[in-house]
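If you read the sequence from its start, that first residue is 1, and numbering goes on from there.
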Amino acid sequence: MPSRKIVATELASVLRQISHPDRIRLVLKLQAGDLTVNALAEALEIPPTRVSQHLGVLRAVGLVETESKAQQRVYRLSQPELALWLIEGIDFIAHRLGRASATDIAMAKDLWQQEASETVI
């Protein structure tokens, strides 16, 4: 029984850390591979300072890794499968997305899946 409690606690911690819409979008964008803060900020239309803050949270729980390349620091998912898991989660919550039409939901999922199929094996 204690092992289930440990796993449940860890899962809850990870879910808490990705529970912000910007962080979910960052995870899904990072499935494309190594990206800088500025590239992420531009792609997601989020200020770079906010991107950095969210990446810090994701990095603290081991969901994101960093590497220095030349003069830049790039970020990547430590486990790219996380993005696929989030995409699959759309089906689970689709009935709760009252503000989004079925077409919007399908389009978002299709776009994220296309990006995933190009990068995650």
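- For the residue pair A41 and P47, the shortest heavy atom distance occurs at CB-C, 4.2 Å.
- Atom CD in Q79 sits 7.5 Å away from atom CG in L82 (nearest 0.5 Å).
- Note that CG of L44 is 10.0 Å distant from CZ of R50, once rounded to the nearest 0.5 Å.
- Interatomic distance, H54 NE2 to R25 CZ, rounded to the nearest 0.5 Å: 9.5 Å.
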Checking side-chain contact (heavy atoms from CB on, under 4.5 Å) for the pair L86/I18: CA distance, chi angles, key distance, verdict? CA-CA 10 Å; L86 290 174; I18 61 173; 4.0 Å; yes

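- Under a 3.5 Å cut-off, the side chain of R73 and the backbone N or O of T66 do not form any donor-acceptor pair.
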Would you sort out whether D34 and Y75 count as a side-chain contact (heavy atoms from CB on, under 4.5 Å), showing the intermediate values? CA-CA 5 Å; D34 295 2; Y75 293 82; over 6 Å; no

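- To the nearest 0.5 Å, atom CG of residue L40 and atom CG of residue D22 are 11.5 Å apart.
- A salt bridge between E67 and R76 is present, with a side-chain N of the basic residue lying under 4.0 Å from a carboxylate O of the acidic one.
- V57 and V27 sit in two unconnected hydrophobic clusters of ILVMFWY residues. Membership requires side-chain heavy atoms under 4.5 Å apart, directly or through other members.
- If you take CZ on R59 and CG on L63, they are separated by 12.5 Å, rounding to the nearest 0.5 Å.
- With hydrophobic clusters built from ILVMFWY side chains whose heavy atoms lie under 4.5 angstrom apart, L77 shares a cluster with L11.
- Cluster membership check: V64 shares its hydrophobic cluster with W85, using side-chain heavy-atom separations under 4.5 Å among Ile, Leu, Val, Met, Phe, Trp and Tyr.
- Judged purely by atom type and a 3.5 angstrom limit, S13 has no side-chain atom pairing as donor or acceptor with the backbone of T9.
- Clustering ILVMFWY residues whenever any of their side-chain heavy atoms sit less than 4.5 angstrom apart, transitively, puts V74 in a cluster other than the one holding I46.
- Checked by atom type and distance alone, the side chain of Q31 pairs as donor or acceptor with a backbone atom of W112 at under 3.5 Å.
- Both V61 and L30 are part of a single hydrophobic cluster, where members link through side-chain heavy atoms under 4.5 Å apart.
- With rounding to the nearest 0.5 Å, the separation of CD in E88 from CG in L84 is 7.5 Å.
- Taking every heavy atom of both residues into account, A39 and T36 meet most closely at N-OG1, 3.0 Å.
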